[in-house]
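The structure appears below as structure tokens.
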Amino acid sequence: MKYTRADFPKDFLFGVATSAYQIEGHAQGGAGPTHWDSFAATPGNVVRAESGDLACDHLHRFEQDFDLIREAGFDCYRFSTSWARVLPEGRGPVNQAGLDYYDRLADALLERGIRPCATLYHWELPSALADLGGWRNRDIANWFADFTEIIMRRIGDRMYSVAPINEPWCVSWLSHFEGHHAPGLRDIRATARAMHHVLLAHGRAIQAMRGLGMSNLGAVFNLEWAEPADDTLEARAAADLYDGIYNRFFLGGVFNKAYPENVLHGLQAHLPDGWQDDFDTIGTPVDWCGLNYYTRKLIAPADTPWPSLQEVPGPLPKTQMGWEIEPGALTRFLTRTARDYTGDLPIYVTENGMASPERQQDDDRIDYLNQHLAAVQDALDQGVPVKGYFIWSLLDNYEWALGYEKRFGLVDVDFDTLERRPKASFRAMQTALAQGDPVSVPMAQPRGAMHDHWNLVADIGGTNTRLGVVTNGTLTDLRKSPTGTLPEFLAALHDLCAEIGTPPRAVVAAGAGPVRNGTIRLTNANLDLSEADIATATGADHTFVINDFTAAAWSVAEITGDDVQALQGDPTPPKGTRLVVGPGTGLGVGALLYSEGHYHTVSGEGGHVGLSPRTRDEVNVFEAARRIAPECFFGNSLTLEAEMFLSGTGLPILYRALGMTAGQPDTPALPAKDILQAARDGSDPVAMRAAQIFTTHLGAVMGDMAVTVMPTGGVFLVGGVAEKNRWLFGDDFLAAFNAGGRFDALRQAFGVYVSEQAEFGIVGANNFCKNALAR
Ligand code: FCB
């Protein structure tokens, strides 16, 4: 080689690159089918219909391949993870063997002192997602973010750097407009959508990794210099459009949050609605930019519909691919990218190399590498922050539509025996890299930087709010603050996120009031809170507002025998549908329905079923209550809304009515707390009678509601009132619950429990959250 490590700045990184489908052997190890398998199996798409089924069998030979990387002295290895190897269906069940494989791969690199540089997607889309429209479907951004999180949770801590997607132009234009790569479409609408969605998916993946605490995240673009075929205005415009489509569309989206005008001219009509609103996600800041560079093209106008251009053969020397060798364009790309897009951000040449038929003495490759390293030197001289250079490729491999014919490797592979033999270029690089100071760049993510993602749960009361931090499913921090106005409440959410330093994955806010179209009307706090407001304040991907009794119902979803006092039935509540009743300010009733292994909630207004006198002497009491609160009675009957006696608001009315029937018309409306206290210590006969009516009617109503939902998982009393007044729930309560005419036995068969969980609103919001995210 003309250059050695010593000719480059201190800590300049040298690496080799590969990709999963091109080397691993996709038919092995439990990976799911991908669109490249079916594309290759369709005659006419790939030379000799070759596929990546076995490729270099890297899956079983990676240790030996990594020994070669170490032997050559490279600092980094750029590899890709196969989505379908980790998630055979693209979503849902994980192939454990796939995750284990990438885990061992990460360790094997670090053991050899090689920095792992991951690309999450290098083109083999799981077939199940291709069936749903693949890159044409906007949902792919979220599918991809989920995959990102699954794989990076496992190996992210050991990655030096990560980029989501290799070469957005190839994923979209080459594969959906030119049809040369899977899925082999030729459709401009599909193309426009793929171009936009691939960038959206990139942004979502970056956000997912930031959420895990990861750093050194980038984006990898392939660039092709467009040279006008002649000096005419038309040729210059055609070349400019080629440059727009190929290069500036993707760089512009990610770094400038804008697409080039000349490209929009032809594509805008085909872009998905609302594309302009996605730039904040697409442009999520990255830490570096990777450029893959191979060649330039001569471009002339063509008499076709938009983009009305064509490539024409150029005069420069060519590689085995037929690609012209033009190192000067690499310098121009490096300077232009820094100037127009990335400023001071580190730039890496993430791929550069050539295909050559020379299987041992590949002097042509050595020459190509020398010329392009000289081009990097020129850019460095002009002040471009180029930080590294990766050669494509370590091994001869599956060159996509060109099968195994085009050899890009520094190491020759015999595709019959799978034997590896280093070529002259490998030895030349080994010599070059041995000269100069060893690099002192870290090997992986900073220790302890990665964390599990967290969720924020809120229990919003009329006066106070509780904010819970949930890490890995468990409550790790609980804050109490005044609910305040809407801006104050949102500021409290925002400040908590700022303090933690990353946005939560999900926020669940529970409060008293009706929920409609993603907004809860918080009746006590008198404010309207929307899921969109919460998303803006916190940056969370998923936000939910739920009714407090939905939360209360969820609070018993994972309840154990330790968390309850059993009044009747099995000491450990069995799994099954559960009825939850909470006498508080009002009377809350929720049902947690169980079917096929999952819980669901229904929100009803069980607190407002009818309550009628149970005994003859109660008739007077109900009649008196009717004079106090006539609006709560059902027509002309003596039946009233249950909540009117069975709650903190109702108990004082019952107490007054009892006073009136006992000939004490000026009985005060004592607060519920005082009534219960007086009843408990036996100091006030009216209060004792009120407590008696309260408990028997509550028991009876709960028994009635139980018969309608069949809570084989138990009936639960939740909330402070029940917990603080356990003495209320004795024999009379149970007798009333169990009295069901010919259905006494049925009622007796239900377990009845007092929940002892503190913060049931927070517990419930957390259980709701886990369930919602799992769906
Ligand atoms: C790049 C691809 C890589 C390989 C080389 C030759 O565009 O990223 O997979 O095909 O070209």
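What you are looking at is a predicted structure, and each value in this text was computed from that prediction instead of being measured. Residues take their numbers from the sequence shown, with the count starting at 1. Atoms within each ligand, like the ligands themselves, are counted from 1 in listed order.
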### Query
Cut-off 3.5 Å, side chains only: do Asp37 and Tyr21 have a donor facing an acceptor?
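A donor-acceptor contact under 3.5 Å links the two side chains.
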
Which ligand 1 atoms does [X] reach within 4.0 Å, using its non-hydrogen atoms?
{"X": "Gln22", "answer": "3 (C), 4 (C), 9 (O), 10 (O)"}
{"X": "Trp392", "answer": "3 (C), 4 (C), 5 (C), 6 (C), 9 (O)"}
{"X": "His122", "answer": "2 (C), 3 (C), 8 (O), 9 (O)"}
{"X": "Glu167", "answer": "1 (C), 2 (C), 7 (O), 8 (O)"}
{"X": "Tyr294", "answer": "1 (C), 5 (C), 6 (C), 11 (O)"}
{"X": "Phe408", "answer": "6 (C)"}

Taking the ring centre of each residue, are [X] and [Y] less than 6.0 Å apart?
{"X": "Trp123", "Y": "His181", "answer": "yes"}
{"X": "Phe333", "Y": "Trp225", "answer": "yes"}
{"X": "Tyr294", "Y": "Trp392", "answer": "no"}
{"X": "Phe249", "Y": "Trp169", "answer": "no"}
{"X": "His372", "Y": "Tyr3", "answer": "no"}

### Task
Please confirm whether the backbone N or O of Thr337 pairs with a side-chain atom of Thr342, one donor and one acceptor, at under 3.5 Å?
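Checking the backbone N and O of Thr337 against the side chain of Thr342, a donor-acceptor pair under 3.5 Å is found.
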
### Query
Looking only at protein heavy atoms, which one is nearest to atom 1 (C) of ligand 1, and how far off is it?
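The protein heavy atom lying closest is Glu351 OE1, 3.1 Å.
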
### Message
Checking a contact table here: which protein heavy atom is nearest atom 10 (O) of ligand 1, and how many Å away?
### Response
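Answer, as residue, atom name and distance: Glu399 OE1, 2.9 Å.
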
Please say whether [X] places an N or O atom under 3.5 Å from an N or O atom belonging to ligand 1.
{"X": "Trp323", "result": "no"}
{"X": "Asn166", "result": "yes"}
{"X": "Trp400", "result": "yes"}

### Task
Examine the proximity of ligand 1 to Asn222 and report which part, side chain or backbone, both or neither, has a heavy atom under 4.0 Å away.
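Answer for Asn222: neither.
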
### Task
Mark yes or no: Arg154 above the aromatic ring of Tyr102, with NZ or CZ under 6.0 Å from the six-membered ring centre and no more than 45 degrees from the axis.
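No - Arg154 does not lie over the ring of Tyr102 by the 6.0 Å and 45° rule.
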
